A.B. asks: 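Below is the structure I would like to discuss, written out as structure tokens.
On a predicted model such as this, the values are computed, not experimentally measured, just so you know.
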2 protein chains.
Amino acid sequence: MNISLNKNGHIPLYFQIQEYFRKKIENNLLKPGTQLPTERELSNKLNVSRVTIRKAIRGLIAEGLCEKKVGKGIFVSDEKIPINVHKLEGTTNILQASADKIKTVVNEKKIIQAKKKYANLLNIDINDKIFYLKRIRYIKDIPVILEYAHLPSKLFPELEKYDFNQSLYKILKEKYNTYPDKSRGFFNLIMAKEEEAKLLNLQLNTPLLIKAATIYSQEGIPIEYTKSVYRTDQFNFLVNSKIIE
Amino acid sequence: MNISLNKNGHIPLYFQIQEYFRKKIENNLLKPGTQLPTERELSNKLNVSRVTIRKAIRGLIAEGLCEKKVGKGIFVSDEKIPINVHKLEGTTNILQASADKIKTVVNEKKIIQAKKKYANLLNIDINDKIFYLKRIRYIKDIPVILEYAHLPSKLFPELEKYDFNQSLYKILKEKYNTYPDKSRGFFNLIMAKEEEAKLLNLQLNTPLLIKAATIYSQEGIPIEYTKSVYRTDQFNFLVNSKIIE
DNA sequence: AAGTGGTCTAGACCACTGT
DNA sequence: CAGTGGTCTAGACCACTTT
């Protein structure tokens, strides 16, 4: 490691350090899994304070190039998994195509009152019931996606009786003869709050991608409002689009 | 302002402060444009160090809830503009639909050698020429999108002669009878490097959304490789999808 | 017990903004 | 000029992991 820091130029020290490692990693000179020097080692070797080192590493973490493990150290991340957020197949299918050792864990499953927000989104009455499902997707036993599903109970009676470690859409198709067809929603960047940090096993304020959408059946009826939280350090988000409307 | 900080609990101080302001802003109790207390004021009032205040504000900035202006202070951001990254119309049309006072500035315009990467993406020869266009999109005189376009010169001879303060796709349609039809690519989170920070007038390491895609004509020929960098604090990214493949 | 990253403090100097 | 955020230092203590 031979970083030559320019302490008098206009480029911040932390940025020079960050870029040094970023280029090393992107050029595959530091391979996935490799441990970086510890914060204190870097601080000593480069003669900068630990705060400055931490600021440099923070940028690498946010881009998903590195990850920190408390008590262990800093490591170069694995390559990202391509995931097609646009395609309307269920997450189960998407993950099966590109990742191995996937697992789905049901975190919560219950019937709730619709309330105003979800009644609007699903075009149902405020007093209607909603089937609520919170699931966590794992790849190699690492939690990577958080999924919140809301479905109108009147469309899917007794939905709560099924096992949701498998595809939700598969159940909708096989048991209710309902086929997801269109989706309308948005995505954006959020920072991990307590809930996401806990369930995805991340530090607070880790950047995440959130996608929220209403799913429509072939008849144009809203059948689901879904919110998904993706770890940006794990995925490349694919988009295939076509002029259709 | 009456924040009650729990200095002994397990929730970090910076996070308590961040969440206090986040809730205030999301509940519209702090309106866009409002100035927050300065870092030093907050530090004094809350009896925490300035470093801790800065860490709290950092999370709000990353989510686009606040912005900092050096020499001025910290301000609550305006609401985000919805932008459909998926739809295949040009950025010009997208922005016209939802924002006012938009402006496009050509930053670079030249013919370059294809090289391996772009030759592959556009399915042309390494020795072919490429028309390269770098543009910056403004809303209310604020730079919000950075666009890099690469088009095969042999498909669009003399393209460099046109004025690109208007829609690129309009020129392709009107002058070359070529219609963009499909797109294939990905998006992800990046942190602002020197180039993005300079051109978008942001601090280093501001989180940004990057979208890269190859655009195909109705005949299935690659006509453009495009890379766009969006300010996440300015946009909500819309997605409309349909099962088509 | 030793080492890791996570949090936090109390300072300091800089470049930029407004008056 | 005074005030702002941006950068940086040299410490300290904590919870967690490994030996």
A.B. asks: Can you sort out which residues in residues 199-206 of chain B have a heavy atom within less than 4.0 Å of DNA chain C? Ascending by number, please.
C.D. replies: none
A.B. asks: For B/E160, what residues pass the side chain to side chain donor-acceptor pair (under 3.5 Å) criterion, not counting sequence neighbours?
C.D. replies: none
A.B. asks: Show the distances under 3.5 angstrom between N or O atoms of the protein and N or O atoms of nucleotides 17-19 of chain D.
C.D. replies:
unit_1: D/dT18; atom_1: OP1; unit_2: A/K72; atom_2: NZ; d: 3.3

A.B. asks: Determine whether A/N188 and B/K80 make a side-chain contact, defined as any pair of heavy atoms from C-beta on separated by less than 4.5 Å.
C.D. replies: yes
A.B. asks: Is the shortest heavy-atom distance from the side chain of A/L146 to the side chain of A/L208 under 4.5 Å?
C.D. replies: no
A.B. asks: Between residues 30-39 of chain B and DNA chain D, which residues have a heavy-atom gap below 4.0 Å?
C.D. replies: B/T38, B/E39
A.B. asks: Below 4.5 Å, heavy atoms only, C-beta onward: do B/Y20 and B/K24 meet side chain to side chain?
C.D. replies: yes
A.B. asks: Nearest 0.5 Å please: distance from the CG atom of B/N47 over to the OG1 atom of B/T52.
C.D. replies: 11.5 Å
A.B. asks: Who pairs with A/K193 by side chain to side chain donor-acceptor pair (under 3.5 Å), at least two apart in sequence or on another chain?
C.D. replies: B/E63
A.B. asks: Can you list, by residue number, the residues of residues 49-63 of chain A that have a non-hydrogen atom closer than 4.0 angstrom to DNA chain D?
C.D. replies: A/S49, A/R50, A/V51, A/T52, A/K55
A.B. asks: Go through the structure and list residues passing side-chain contact (heavy atoms from CB on, under 4.5 Å) with A/P143, not counting sequence neighbours.
C.D. replies: A/I136, A/Y138, A/L200, A/N201
A.B. asks: Checking A/F164 against A/F131 for the ring-ring contact (aromatic ring centres under 6.0 Å, His included) test, could you report, in this order, the C-alpha distance in whole Å, the side-chain angles of both residues, the deciding distance, and whether it holds?
C.D. replies: CA-CA 12 Å; A/F164 288 100; A/F131 173 68; 5.4 Å; yes
A.B. asks: Could B/K198 and B/E194 be called an ion pair, given the rule that one side-chain N must be under 4.0 Å from one carboxylate O?
C.D. replies: no
A.B. asks: Can you give the first and last nucleotides of DNA chain C, 5' to 3', that have an atom under 4.0 Å from a heavy atom of chain A?
C.D. replies: C/dG3 to C/dT7
A.B. asks: Holding to side chain to side chain donor-acceptor pair (under 3.5 Å), I want the full list of residues that pass it with A/Q234, two or more places apart in sequence or in another chain.
C.D. replies: none
A.B. asks: Considering residues at least two apart in sequence or located in another chain, which fulfil the side chain to side chain donor-acceptor pair (under 3.5 Å) criterion with B/Q113?
C.D. replies: B/K129
A.B. asks: Give me the ring orientation class for B/Y230 and B/F235: parallel if the planes are under 30° apart, tilted from 30 to 60°, perpendicular past 60°.
C.D. replies: perpendicular
A.B. asks: Heavy atoms within less than 4.0 Å of DNA chain D: which residues of residues 13-26 of chain B have one? Give them sorted by number.
C.D. replies: none
A.B. asks: Identify the heavy atoms of B/E41 and B/P37 that sit nearest to each other, and give their distance.
C.D. replies: OE1-CB, 3.5 Å
A.B. asks: Counting only pairs under 3.5 Å, give me each side-chain donor-acceptor contact of residues 64-72 of chain B, with atom names and distances, residues two or more places apart or in other chains.
C.D. replies:
unit_1: B/E67; atom_1: OE2; unit_2: B/S77; atom_2: OG; d: 2.9
unit_1: B/K68; atom_1: NZ; unit_2: B/E39; atom_2: OE2; d: 3.0

A.B. asks: Would you indicate what B/N8 reaches in the nucleic acid, counting non-hydrogen atoms under 4.0 angstrom: base, sugar-phosphate, or nothing?
C.D. replies: nothing
A.B. asks: Under 4.5 Å between any side-chain heavy atoms of A/R135 and A/L168, yes or no?
C.D. replies: yes
A.B. asks: Any donor-acceptor pair under 3.5 Å linking the side chain of B/K109 with the backbone of B/Y162?
C.D. replies: yes
A.B. asks: Mind checking whether B/L36 and B/L30 have side chains closer than 4.5 Å, heavy atoms only?
C.D. replies: yes
